[in-house]
Amino acid sequence: MYNLVLSVETSCDDTSVALVKSDGTVVDQVTASQDLQHSVFGGVVPEIASRNHSIALLPLIDEILKKNNLTFENIDGFAVTNRPGLMGSLIVGVMTIKALSQSLNKPFIGVNHLEGHLLAPFLKDEKYKPQQDFDYPYIALAVSGGHTSLYWVENFSEYTIIGTTKDDAAGEAFDKFAKMVGAGFPGGASVDQCAKSGDKNKYDFPRSMVHENHLMMSFSGLKSSAHRLISKMSPEEIVTEKNNLCASFQEAVVDVLILKLKLAAKKYQTKKIVITGGVSANSRLREKAHELSQKGYTVVIPPIRYCTDNAAMIGYAGILRLNQNHSANLNLGPSAASLPEDFKINLDQATT
Ligand code: KG4
Ligand code: ZN
């Protein structure tokens with residue numbers, strides 16, 4: 001029985017380490033953000049991300065153990081994100097955990113990053129306790145800079161992708177739009193901030209595929225439409241209209257996400273919804289999710305520290321699997337994509 005794992009997440013640009021128990025208790029989590037290093041480039045630069053992971057990771061592991069008066073003796077095993085993600089970034093986490101596992105003679109397991117996001121509603125800590133009776137099955141929307149997909153989460157290890165974006169992820173659309181209006185990096189949070197003092201009805205941006213009875217999404221048309229509009233504006237006009245543009249753009253993204261969530265819940269005959277990933281920090285999305293919960297849905301949005309990329313969710317997925325007698329061997333490598341066995345796929349376009 002594994003009681004405590006040390007987990008590592010380095011799939012993109014956040015270096016995160018956590019200590020997680022088998023009931024989902026996060027003993028602690030430390031994360032080093034690289035936002036500052038990437039902001040000058042207006043996006044994540046893979047080489048810079050991996051170099052920073054290799055600088056930050058060992059000190060973070062050292063820090064979390066010392067902070068909690070623990071040594072490797074107290075750790076039963078390790079979990080590490082090995083897919084999907086940036087190869088250079090994944091390699092740092094995977095090689096570090098393999099080395100620790102080998103030298104300490106303790107088991108380890110590779111975890112799919114997206115599975116981590118799907119299990120975030122079960123994480124708890126001293127400051128946060130999830131709704132006690134919340135359990136499988138549920139619809140989950142994982143929405144971040146790299147992913148925007150809907151899942152039917154039947155149980156631990158039983159996940160079906162039921163909808164996804166055909167092109168850009170919602171967070172990516174926020175980031176690109178933020179560049180167009182000069183709202184800063186990372187874009188989503190800046191757009192959210194500007195939108196607070198803007199008029200969401202001022203510009204009528206398109207909501208793709210909202211009238212179609214399937215769970216596919218698309219954000220590239222919205223991005224192009226914003227680009228066309230903004231390229232006709234003078235730099236002064238963009239500055240004066242920035243807040244209105246942000247509010248209207250944000251409303252279009254959020255409308256699509258909420259509408260497809262509701263459709264997914266209807267198709268799978270559930271009222272249980274989880275929203276996770278970096279974009280779940282969006283205040284308008286949270287407002288609209290709250291409206292859903294007043295209409296009889298149970299909507300769980302984990303605290304931001306477990307929604308953005310974090311090691312706690314990887315530790316929880318990892319310890320559950322270790323406790324099912326699975327473990328990895330030294331052949332485990334990083335993979336840029338998910339493995340075919342990770343998720344069932346049911347992107348049935350037909351109406352049901
Ligand atoms: O999950 P995350 O930290 O990293 C991955 O992309 O995996 O998500 C980052 C994404 C970025 O695209 C960022 O712009 C977006 O989440 N984001 C937001 C907000 N905060 C972060 N998007 C909209 N509103 C926000 N408040
Ligand atoms: Zn993520």
Side-chain angles (χ1 to χ4, degrees), residues 1-22 26 29-32 46-47 49-62 64-65 72-120 142 146-147 151 156-159 161 309-345:
M1 171 80 185
Y2 292 80
N3 293 311
L4 183 67
V5 294
L6 185 143
S7 55
V8 162
E9 154 65 41
T10 62
S11 67
C12 188
D13 62 335
D14 289 314
T15 321
S16 185
V17 179
L19 294 164
V20 185
K21 291 187 179 174
S22 53
V26 183
Q29 173 172 269
V30 287
T31 302
E47 289 79 3
S50 48
R51 211 173 308 143
N52 279 303
H53 286 310
S54 56
I55 294 168
L57 184 53
L58 286 176
L60 284 178
I61 294 176
D62 213 28
I64 201 167
L65 290 174
F72 283 123
E73 284 298 300
N74 306 106
I75 307 296
D76 301 317
F78 298 98
V80 61
T81 307
N82 78 314
R83 64 192 190 277
L86 301 172
M87 284 301 268
S89 291
L90 290 167
I91 283 171
V92 179
V94 170
M95 294 312 287
T96 305
I97 288 305
K98 276 193 194 176
L100 284 173
S101 157
Q102 180 80 348
S103 57
L104 298 162
N105 198 22
K106 289 180 192 270
F108 78 106
I109 188 102
V111 173
N112 182 304
H113 175 85
L114 292 160
E115 177 181 32
H117 277 306
L118 299 184
L119 299 180
H147 314 277
Y151 297 82
F156 172 61
S157 253
E158 288 178 42
Y159 320 111
I161 302 176
D309 288 352
N310 69 88
M313 64 185 192
I314 303 305
Y316 183 55
I319 199 165
L320 292 185
R321 193 142 295 126
L322 285 165
N323 275 326
Q324 289 185 338
N325 293 323
H326 295 283
S327 64
N329 61 38
L330 290 181
N331 290 330
L332 185 91
S335 164
S338 292
L339 301 177
E341 61 267 31
D342 289 339
F343 304 107
K344 283 183 260 173
I345 300 177

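Scanning all heavy atoms of the two residues, the minimum distance from Ile314 to Ala79 falls at O-CB, 3.8 Å. The two atoms that bring Met1 and Ser22 nearest to each other are CE-OG, 3.5 Å, heavy atoms only. When all heavy atoms of Met87 and Ala336 are compared, the pair lying nearest together is SD-N, 3.5 Å. For the residue pair Val111 and Ala317, the shortest heavy atom distance occurs at CG1-CB, 3.8 Å. Of all the heavy atoms in Val20 and Tyr316, the pair that sits closest is CG1-N, 3.8 Å. Pairing each heavy atom of Pro334 with each of Ile91, the nearest pair is CG-CG1, 3.5 Å.
Salt-bridge annotation for Glu115 and Arg321: present, with a side-chain N of the basic residue lying under 4.0 Å from a carboxylate O of the acidic one.
With contacts defined as side-chain heavy-atom distances shorter than 4.5 Å, the pair Tyr159/Asp342 does not qualify. Side-chain contact check for Val17 versus Thr31: every heavy-atom pair is 4.5 Å or farther apart. Between Val30 and Ile61 the shortest side-chain heavy-atom distance does not fall below 4.5 Å.
Between His113 and Asp309, the side chains place a donor N or O and an acceptor N or O closer than 3.5 Å (distance only, hydrogens not considered). At a cut-off of 3.5 Å, with distance as the only test, a side-chain donor of Ser11 or Glu9 sits close to an acceptor on the other residue. For the residue pair Ser338 and Asn112, a side-chain donor N or O sits within less than 3.5 Å of a side-chain acceptor on the partner.
In this structure a side-chain-to-backbone donor-acceptor pair under 3.5 Å is present from Thr10 to Ser89. Between the side chain of Ser335 and the main chain of Ala337, a donor-acceptor pair closer than 3.5 Å is present. With hydrogens and angles ignored, the 3.5 Å screen pairs no side-chain donor or acceptor of Lys344 with any backbone N or O of Glu158. Panel note: side chain Ser50, backbone Pro46; a donor-acceptor pair is recorded below 3.5 Å. Using a distance-only test at 3.5 Å, with no hydrogens or angles considered, no donor-acceptor pair links the side chain of Ser54 to the main chain of Val92. One N or O on the side chain of Ser101 and one on the backbone of Lys106 form a donor-acceptor pair closer than 3.5 Å. Checking side-chain atoms of Asn329 against main-chain N and O of Asn331 turns up a donor-acceptor pair under 3.5 Å. For the pair Lys21 (side chain) and Val5 (backbone), a donor-acceptor distance under 3.5 Å is absent. No donor-acceptor pair under 3.5 Å is formed between the side chain of Ser327 and the backbone N or O of Ile109. With hydrogens and angles disregarded, a donor-acceptor distance shorter than 3.5 Å links the side chain of Asn310 to the backbone of Met313.
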Leu60/Ile64 under side chain to side chain contact (heavy atoms under 4.5 Å, CB included): CA gap, chis, key distance, verdict: CA-CA 6 Å; Leu60 284 178; Ile64 201 167; over 6 Å; no
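Residues forming a side chain to side chain contact (heavy atoms under 4.5 Å, CB included) with Gln324 (at least two apart in sequence, or on another chain): Phe156, His326.
Crowding of Glu341 atom CD: a count of heavy atoms from other residues, nucleotides or ligands under 6.0 Å exceeding 12. No more than 12 heavy atoms of other residues, nucleotides or ligands sit less than 6.0 Å from atom CE of Met95.
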